[in-house]
Amino acid sequence: MRLGKFAFGAAALGAAALGAWVLFVGLPRWYPAEDASSPGGAAADDAASGLTVATLFHVSDDGMRLVGSPFQLARRANPTAQARVILEAQLAEPPAPLLSAIPAGTTLRAVYVTGDGDAFVDLTEEVARGHPGGSREELFTVYSIVNALTMNLASVDAVQILVDGVEVDTLVGHVDLQRPLRRNLDLLEAPSS
Amino acid sequence: MSASSPPAEPSGRRPGARTGRTRRIGWALCLLLAAALPGGGQPAPEPLTIVSRDGRRPLPTVAIDGRTMVAVTELLEPFGLRLGDPGPRRLTLLRGTAVMVLSDDGIVSVGGRLESLSAPPVEREGAWYVPTDFIGRALPLLSDRPVELRPRSGLVILDGLLVPQVTARYRRSGRESRLRLLVTPHVALRIEQAADRLLVTFDADAVDLAPGDVPPDDLLRRVLADERRARLEIELGAAFGSHAATSTPGLGDSLDVVIDLTPATTAGAAPTPAAGAAPTATDPGEAEADAALPTLADLTAPSTIRAIAIDPGHGGADAGAHGPAGALEKDVTLAVARRLQAAIQRRLGLRVVLTRSGDATVTLDERAAIANNNRADLFISLHANASVRETAAGAEVFHLGPAEPGADAGAGVPIPVTGGGTRVLDIVRWERAQFRFVERSARWARTVADELRTRLPMSPRGVQQAPLRVLVGANMPAVLVEMGFLSNPEQEAQLVSPAFQDAVVEGLLHGIIRYRDLAEQGHPFDPLDAEPPADDTAAARRPAP
């Protein structure tokens, strides 16, 4: 009886230890947590639930302003997931005659939306390396991204762009990226002067 | 209304007339209180004044959370608007078939056109209030009546009336004095003396007298605007004897009117600068005070602009934009910077600071620091533009902005000084240095653009605000000039040519001259000669024009 009791206790302890291992070590190892903001990530509530229309921003015919055009995109319930969908569409080559202000080959590394309305958009280095330069084009690059999020997502007030995961002063020497930027509607207006 | 009230009063209300009056008085008091204390204890700001073909009328304003706002109901009648059905988080205004939607984030939309306001509309007990810039920015979208808001004087000018702005500056020099009126835009005027005053009548619809700098004395008491006509009244002091006026075309479509005032006792005497030369007619105290005052020559002599920082964009490892034929932005900017340096030194005799003098890599913050450490008075960053559209062309001038929230100037810190007392030291964080110069930089940018426009092709976006890093830390009026598009083959050829580079230099040189002259004249764009800390707080409080 004594021995049976001991054996039972040891078995219970072993089962508890195994359970704990499975719970805290095994399961996470077998099923790594999917971050909504990591490439390919898809949290449960991000599942496509129909389509939505978002305004994306591209360079006008004369190169002097941004133009907004409606695009049909997948709807996501989670703002971060929706931000990712919008940014991926904004980074993609637009149909002619629209022209993107974002250098070809630029991809989205990550996007985070904070609780207080700031979005952090982490882009690959092509955004700077492939850039033609100039204040005008850098403004369009930056604000096509800033406007795409702030105009389409109520939860985003301002956007800060990171390159390869780090904060930068500018992309190519002009626009200050050391802090989140608010939307800029002036760049959409037809030049008047 | 009592028993003697007119019979028009409906008789059925008679028994309650007394309580009705008490109630009305009560309501009136409440309204007065509400008008006086809209934001909970804030003083009521000055009303705006609508100037139209029908004359002048006040437009009341209220202070809400430190901002000057206008009740939407006050705008309905003057601008022929109707209130639409208010939706959640938005306000709708109608005029004929046009609809304006004002959302609670301060974005105005009329038929697809968007304008952003300096602040969102505010609802207080069912009434909507909008920031005053709503008048200048949003109303023109809806109204077919031209509308112009003059934030400085609070005038709302309708129907395209001609209302020149006049800034007065008055300086005493010994026994004589000089009143200077800067009239913008240039209009014809007549000066005549009538008893104890000089009348300056403008060939215009009204006059907008900016609060100037007119310390009263025994020659001149004050300068007033006549609200019924386009006329200024200069009230003369007891010692006034005679006047002599000259007017010359000023810079940028302005008229510079100089009125010299001479006292009666020494009328006709040559203005001798020797202090104390005529102490006989004055008491010792006055003579002493006169001696301390500058002479007329002193008033115009010293320049407020002594050093110019020129920043040749990019350099070293950072070549900047590339032209299709191979020109590099860093080389173009350095070439123009060297030409400009030589021209400023030779023709203006001003000190020039270059942020790089060779093909070196210099960070953006270092460039501003070089300008700050060398006490430059103006900053010019030279660049060449690029676009994915090959046809994009023309020069553009940028100044810093718009201000992001919390980007105001830093507060002064009191520092003890020897001999007791404290001195307020202006400590400003690096990324906020330029925000102290927002208005001056805007003026500097417009001046540069005006001068470039007559010499170079300009982009349709001549002057713009942008959050440009190199300008952020500059502790002086600062602009970034994109001279042309290097990505455009024609412009590339221009940008590398000495003729084009000289045209840029000529434009910038004239911009510096004009800005310096405006600064010396005390042009209304900003009190350049004010003490910086006082100026900063004033600038921080002033709503954006």
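All values reported here derive from a predicted model rather than from experimental measurement. Atom set for the values below is all heavy atoms of this structure, side chains included, hydrogens, waters and symmetry mates excluded. Labels below follow one simple rule: chain letters A, B, ... track the order of the sequence lines, proteins then strands, and each chain is numbered from 1.
- With a 4.5 angstrom heavy-atom cutoff, B:Leu471 does not touch chain A via any of its atoms.
- Looking at B:Leu468, the atoms closer than 4.5 Å to chain A (heavy atoms on both sides) sit in the backbone and in the side chain alike.
- The distance from atom CZ of B:Arg469 to atom CG of A:Asp169, rounded to the nearest 0.5 Å, is 5.0 Å.
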message = Evaluate A:Asp186 against B:Gln464 for side chain to side chain contact (heavy atoms under 4.5 Å, CB included), listing each step before the verdict.
response = CA-CA 9 Å; A:Asp186 291 348; B:Gln464 296 150 85; over 6 Å; no
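- Here the side chain of B:Arg461 pairs a donor or acceptor atom with the backbone of A:Leu187 at under 3.5 angstrom.
- The heavy-atom pair separating B:Ser459 from A:Met64 by the smallest distance is OG-SD, 3.7 Å.
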ask   = Would A:Arg136 and B:Glu396 satisfy salt bridge (Lys or Arg N to Asp or Glu O under 4.0 Å), going step by step from the backbone distance to the final call?
value = CA-CA 9 Å; A:Arg136 161 71 36 230; B:Glu396 306 191 328; 3.1 Å; yes
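- For the pair B:Asn385 (side chain) and A:Ser135 (backbone), a donor-acceptor distance under 3.5 Å is present.
- Proximity to chain A (any heavy atom under 4.5 Å) is restricted, for B:Ala393, to the backbone atoms N, CA, C and O.
- Rounding to the nearest 0.5 Å gives a distance of 10.5 Å between CG of B:Leu364 and CD of A:Gln178.
- With a 4.5 angstrom heavy-atom cutoff, A:Val172 touches chain B only via backbone atoms.
- For B:Leu486, no part sits under 4.5 Å from any heavy atom of chain A, backbone or side chain.
- Contacts between B:Val388 and chain A at a heavy-atom distance below 4.5 Å involve backbone atoms as well as side-chain atoms.
- Judged by distance alone, the side chain of B:Arg389 and the main-chain N or O of A:Ser60 form a donor-acceptor pair under 3.5 Å.
- For B:Ser487, no part lies under 4.5 angstrom from a heavy atom of chain A.
- Atom CD of A:Glu88 sits in a crowded spot, with more than 12 heavy atoms from other residues, nucleotides or ligands closer than 6.0 Å.
- When heavy atoms are compared at a cutoff of 4.5 Å, A:Leu185 approaches chain B solely by way of its side chain, counted from C-beta outward.
- In this structure, CD in A:Glu138 is found 10.0 Å from NE2 in B:His383, a value given to the nearest 0.5 Å.
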